[in-house]
Asks: 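Just dropping this structure here.
Naming: A, B, ... by sequence-line order, numbering from 1 per chain. Below, each value reflects all heavy atoms present in this structure, side chains not excepted, and no hydrogens, waters or symmetry copies.
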Amino acid sequence: MSFMTDRRVDRLTSVLRRRGIVLPSFEIYGGISGLIDYGPVGACIRRRVMDNWVDHWTSHGDIVEIDSPTITPEPVLVASGHVGEFSDLMVECGVCGSAFKANHLAEGRHENPDSLNVDEINAMLKDGIECPTCSESKWSDARSMDLMFSTRIGSKKGGRVAYMRPETAQGMFMLYPALFRHFKQKLPFGAIQTGKGYRNEISPRQGMIRLREFNMAELEYFIDPDEPPSPDLSVWDEKISLIADPEGAHAGEYSMTISEALSSGIVRHPTVAWFLVRTWDFLVGVGIDPARIRFRQHASTEMAHYADDCWDCEVGGEHGWVECVGIANRTCHDLLSHEQHSGSNQLRAWRQYAKPHIEIRDILSPNGSVMGPAFKGAAGVVMDALKELVEIPDSMPFALTLADGSSVEITDEMVTRRSEEVAVHGEWFTPHVIEPAFGIDRIIWHILDHGYTETEKEGENYSIMRLNQSVAPFDVAILPLFDKDGMGHIARQIWASVNSMPGLRGELDANKSIGRRYARVDEIGIPWAITVDHTTLEDGSVTVRRRDDQEQVRASIEDVLSKLASGGISTLF
RNA sequence: GCGGGCAUGGUCUAGUGGUUAUGACAGCAGGUUCCCAACCUGCUAACCCGGGUUCAACUCCCGGUGUCCGCACCA
């Protein structure tokens, strides 16, 4: 049995391997650290967690699902900041072992430390930079962090550099123009994407917690920062654990409702508050223990390069408190950066004023018959520059700066000064983005961790995986008490009926004693078991067994099937 | 990435320079039982990979990989 090792986490891991839930990848070739497989049972659980997640967000109505490539050309990740952030050179102190980013050490000694290459960094380190920790100066050679998997698109020589995406978020930003059109050019709206992300971790540990290839599920919610959506939070009356920014005005731990958290100023942004509580809803809905969920606000010093405000949702389990969801206000950082790097003008939204702003503008209207002959071919450029002119000079002539930086002299005869009344109906702006990013594998780990229950049964160790039906690998097990006298036949008919119901899956097990089969289905978390016995042959009734307390009731096959279909099976008890 | 421990059927493990390589549980077939891992019979199934030492290596040595513990890292 699996109760021989003395740590619960080892026994749980053993169950996961033995029952085909989560296993190390490529094991027959020795395995690769940081890569896992979901086996036949685990893949069902993963699929259902993903489906729950997609349904959770798309049910809002203003959030849609998209799907984009995992291979991402380099310029996208330059604009997002990943290439700069990820290409840092690391060095270690040979005396005390502390590790530093090389460009941080070089600050103050070089105008642009980020531009240094490996050799320059190494030379500079030998030149007497001291370790901030121990003040010695014996450095290891600098080496690149290389946290993204790089590849090439196209032939080796002519190909373009690309990386496996480190997050799915960039796909949503790339699709912003299409989303903006889809939503009739009105904020707020959101897009979700689930899929694989890749980080070439230096030293993955802790099984499913730090992976090199992992399942992500991210939502980008685009809002007008001047009118952030503020849903009514009063309908959530659960108390939520919060750990506020240790450097902020509210430093400390709290247990309060989300509306209290917002009104007290601990949560700073109404839309972020809403995502915190909706994240809480999701996690509880897939079976995470509410008592082991907490939200921790990032201190300004640990915020990601793009984030203006950030909360981690941490879940407690065998590996301590683990960040399972990051909720960040990314502001306009990504869209603005992509606009600058790509030159696209489609990454904005239109803010319609309630009333048009009437502006009286002094303008200089060009006098073509004078300017044409004066500037000849350049006349068009000059007139464009005149149109862009914001500060109208008081006196003539004046020097007008053109788009290319040169300037020309504008004389009184070339223009007519007049006042113009302009109705401005709105303005273009770059939307802000609130991003909840879910680590699905970490969440699945905690679902399994929280569900795994070790009990005793008649003096023997017994384990039950208490999964919510919404994430259980099968909804119901169908067990003929014996596979003879027609019981097996009836069981197979029930099995087929269950499997024909949308969204429902049954598992048939006719092997070995009934007690052993109950144990098997308890171990992988199947919430219900239907047993076909001798009485079934007489009156068409079966027993229904509830996993979590092993209670049993008797009901007709028709009744059980219809209650399974309607989701009301628990009303039998 | 550094230091240390570990690596034997599906799982947990015993053990040895020459063995038919333990045992338990799980699994399979049959019997038995007739609602909670019962019992009987039989069966399937393992020494992480690559070098070296040796007449002979699962065992000793070196390297790799994986895993665990500490340190570091984790945008």
Asks: Take atom C1' in B:A37 and the same atom in B:U11, then report the distance between them in whole Å.
Replies: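 Rounded to whole Å, the distance is 15 Å.
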Asks: I need the CG-P distance between A:Leu12 and B:C68, as an integer number of Å.
Replies: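 After rounding, the reported distance stands at 13 Å.
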Asks: Considering Watson-Crick and G-U wobble pairs with both distances under 3.5 Å, what does B:C58 pair with?
Replies: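 WC or wobble partner does not exist here.
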Asks: Tell me, please, whether A:Tyr518 has A:Arg545 positioned over its six-membered ring: NZ or CZ under 6.0 Å from the ring centre and within 45 degrees of its axis?
Replies: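 Yes; both conditions hold, so A:Arg545 lies above the ring face of A:Tyr518.
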Asks: The side chain of A:Lys484 is closest to which nucleotide in this list: B:C71, B:U33, B:A37?
Replies: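 Among the listed nucleotides, the one closest to the side chain of A:Lys484 is B:U33.
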Asks: Can you tell me how far P in B:U67 sits from the matching atom in B:C55, rounded to whole Å?
Replies: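 My reading of the P atoms in B:U67 and B:C55 gives 38 Å.
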Asks: Less than 4.0 angstrom between a side-chain N/O of A:Ser33 and OP1 or OP2 of B:U67, yes or no?
Replies: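 Yes.
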Asks: With both distances under 3.5 angstrom, what nucleotide forms a Watson-Crick or G-U wobble pair with B:U65?
Replies: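 When the pairing criteria are applied, B:A7 turns out to be the nucleotide that pairs with B:U65.
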Asks: Hey, does the side chain of A:Arg516 come within less than 4.0 Å of B:A38's phosphate (OP1/OP2), counting only N and O?
Replies: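 Looking at the OP1 and OP2 atoms of B:A38, one of them is under 4.0 Å from a side-chain N or O of A:Arg516.
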Asks: Please tell me which of A:Thr531 and A:Arg17 maps to the more 5' nucleotide of RNA chain B, matching each residue to the nucleotide holding its nearest heavy atom.
Replies: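 Checking each residue's closest nucleotide, the 5'-ward one belongs to A:Arg17.
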Asks: Of the candidate nucleotides B:C35, B:A29, B:C69, which contains the atom at the shortest distance from the side chain of A:Leu481?
Replies: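 Nearest nucleotide to the side chain: B:C35.
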Asks: Tell me: NE2 of A:His298 to C1' of B:C74, nearest whole Å?
Replies: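 Computing the A:His298:NE2 to B:C74:C1' distance gives 12 Å.
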Asks: Check if the side chain of A:Gln552 and the base of B:C36 share a donor-acceptor pair of N or O atoms closer than 3.5 Å.
Replies: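 Counting by modelled atom types and ignoring angles, a donor-acceptor contact under 3.5 Å is found here.
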Asks: Distance under 6.0 Å and angle within 45° of the ring axis: does A:Arg212 meet both against A:Tyr198?
Replies: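 No; the conditions do not both hold, so A:Arg212 does not lie above the ring face of A:Tyr198.
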Asks: In whole Å, measure the gap between the P atoms of B:A14 and B:G30 for me.
Replies: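 Each nucleotide's P atom is 35 Å from the other's.
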Asks: The side chain of A:Arg210 lies closest to which of these nucleotides: B:G1, B:C35, B:C74?
Replies: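 So the nucleotide nearest the side chain must be B:C74.
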Asks: If I pick the P atom on B:G18 and the same atom on B:C43, what distance separates them, to the nearest angstrom?
Replies: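 Nearest-Å result for B:C43 against B:G18 at atom P: 28 Å.
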Asks: Rounding to an integer number of Å, can you tell me how far A:Asp522 CG sits from B:C35 P?
Replies: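 Taking CG of A:Asp522 and P of B:C35, I get 18 Å after rounding.
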Asks: Has the side chain of A:Glu27 got a donor or acceptor atom sitting under 3.5 Å from an opposite partner on the base of B:C48?
Replies: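 Looking at the base of B:C48, it does not pair with any donor or acceptor on the side chain of A:Glu27 (distance under 3.5 Å).
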Asks: Quick check: A:Phe222 with A:Tyr176 (ring centres under 6.0 Å apart)?
Replies: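 Aromatic pair counts; centres sit under 6.0 Å.
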Asks: Mind checking the P distance from B:C12 to B:G64? Whole angstroms is fine.
Replies: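 Taking atom P in both B:C12 and B:G64, they lie 26 Å apart.
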Asks: Does a side-chain N or O of A:Asn511 approach OP1 or OP2 of B:G27 to a distance below 4.0 Å, or not?
Replies: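 No, outside the criterion.
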Asks: Check the distance between B:U33's C1' and A:Asp485's CG and give it to me in whole angstrom.
Replies: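 For the pair A:Asp485 CG and B:U33 C1', the rounded distance is 13 Å.
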Asks: Give none if B:C28 has no partner; otherwise give the nucleotide forming a Watson-Crick or G-U wobble pair with it, both distances under 3.5 Å.
Replies: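 For B:C28, the partner nucleotide comes out as B:G42, under the 3.5 Å rule.
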Asks: Once you round it to whole Å, what is the distance between P of B:A24 and CD of A:Glu460?
Replies: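 After rounding, the gap between these two atoms is 15 Å.
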Asks: Roughly how far apart, to the nearest Å, are B:A45 and B:U53 at atom C1'?
Replies: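 Roughly 32 Å separates the two C1' atoms.
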Asks: Can you find an N or O donor on one side and an acceptor on the other, under 3.5 Å apart, linking the side chain of A:Tyr29 with the base of B:C49?
Replies: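 Result: no qualifying N/O pair found.
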Asks: Taking the side chain of A:Arg18 as heavy atoms from C-beta outward, which of B:G10, B:C74, B:C35 is closest to it?
Replies: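 So the nucleotide nearest the side chain must be B:G10.
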Asks: B:U33, B:C35, B:A37: which one has an atom nearest the side-chain heavy atoms of A:Ala519?
Replies: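 Of all the options, the side chain of A:Ala519 is nearest to B:A37.
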Asks: B:U16 pairs with which nucleotide, Watson-Crick or G-U wobble, both distances below 3.5 Å?
Replies: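 No nucleotide pairs with B:U16.
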Asks: Looking at A:Arg7, does any N or O in its side chain come under 4.0 Å of the phosphate oxygens OP1/OP2 on B:C69?
Replies: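 Answer yes for this pair, as a side-chain N or O of A:Arg7 is under 4.0 Å from OP1 or OP2.
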Asks: Send over the distance from A:Ile526 CD1 to B:C36 P, rounded to a whole Å.
Replies: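 Going from CD1 in A:Ile526 over to P in B:C36 covers 19 Å.
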Asks: I need the CD-P distance between A:Glu551 and B:C36, as an integer number of Å.
Replies: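 Between P of B:C36 and CD of A:Glu551: 14 Å.
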Asks: Sticking with atom C1', work out how far B:U16 lies from B:A57, rounded to a whole angstrom.
Replies: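 The same atom, C1', in both gives a distance of 11 Å.
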Asks: I'd like to know if A:Thr543 reaches the base of B:C35 with its side chain, counting only an N/O donor and acceptor under 3.5 Å.
Replies: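 Side chain to base: pair present.
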Asks: Nearest-Å distance, NZ (A:Lys512) to C1' (B:C25)?
Replies: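 Going from A:Lys512 (NZ) to B:C25 (C1'), I get 11 Å.
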Asks: Indicate whether any N or O donor in one side chain lies under 3.5 Å from an N or O acceptor in the other, for A:Arg165 and A:Thr72.
Replies: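 Note: A:Arg165 and A:Thr72 side chains miss the donor-acceptor criterion.
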Asks: Please determine if A:Arg296 forms a cation-pi arrangement with A:Trp321, meaning its NZ or CZ atom is less than 6.0 Å from the six-membered ring centre and no more than 45° off the ring axis.
Replies: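 Cation-pi check for A:Arg296 and A:Trp321: fails.
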Asks: What's the spacing between A:Leu448 CG and A:Ile45 CD1 if we round to 0.5 Å?
Replies: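 A:Leu448 atom CG to A:Ile45 atom CD1 measures 5.5 Å (nearest 0.5 Å).
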Asks: When you compare B:C71 with B:U59, how far apart are their P atoms, in angstrom units rounded to a whole number?
Replies: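 The answer is 33 Å between these two P atoms.
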Asks: Determine which nucleotide pairs with B:C73, using a 3.5 Å limit on both distances of a Watson-Crick or G-U wobble pair.
Replies: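 Partner of B:C73: none found under 3.5 Å.
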Asks: Could you check A:Gln206 against A:Lys457 and say which one's nearest nucleotide on RNA chain B is further toward the 5' end?
Replies: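 It is A:Lys457, whose closest nucleotide lies nearer the 5' terminus.
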Asks: Can you check whether any acceptor in the base of B:C36 is under 3.5 Å from a donor in the side chain of A:Arg545, or vice versa?
Replies: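 Checked by distance alone, the answer is yes.
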Asks: So, do A:Phe573 and A:Trp528 have ring centers that fall under 6.0 Å from each other?
Replies: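 They qualify: ring centres under 6.0 Å apart.
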Asks: For a quick check, tell me whether the side chain of A:Arg205 and the base of B:G70 share a donor-acceptor pair closer than 3.5 Å.
Replies: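 By the distance-only test, yes, there is a pair.
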Asks: Is it true that the side chains of A:Asn511 and A:Arg517 contain a donor and an acceptor less than 3.5 Å apart?
Replies: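 No, A:Arg517 and A:Asn511 have no side-chain donor paired with an acceptor closer than 3.5 Å.
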Asks: Which nucleotide in the list B:A37, B:C35, B:U11 gets nearest to the side chain of A:Ser513?
Replies: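 Selected nucleotide (nearest to the side chain): B:A37.
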Asks: If you check the A:Arg520 side chain, which of B:C28, B:C35, B:U11 turns out closest?
Replies: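 My answer, after comparing the listed nucleotides, is B:C28.
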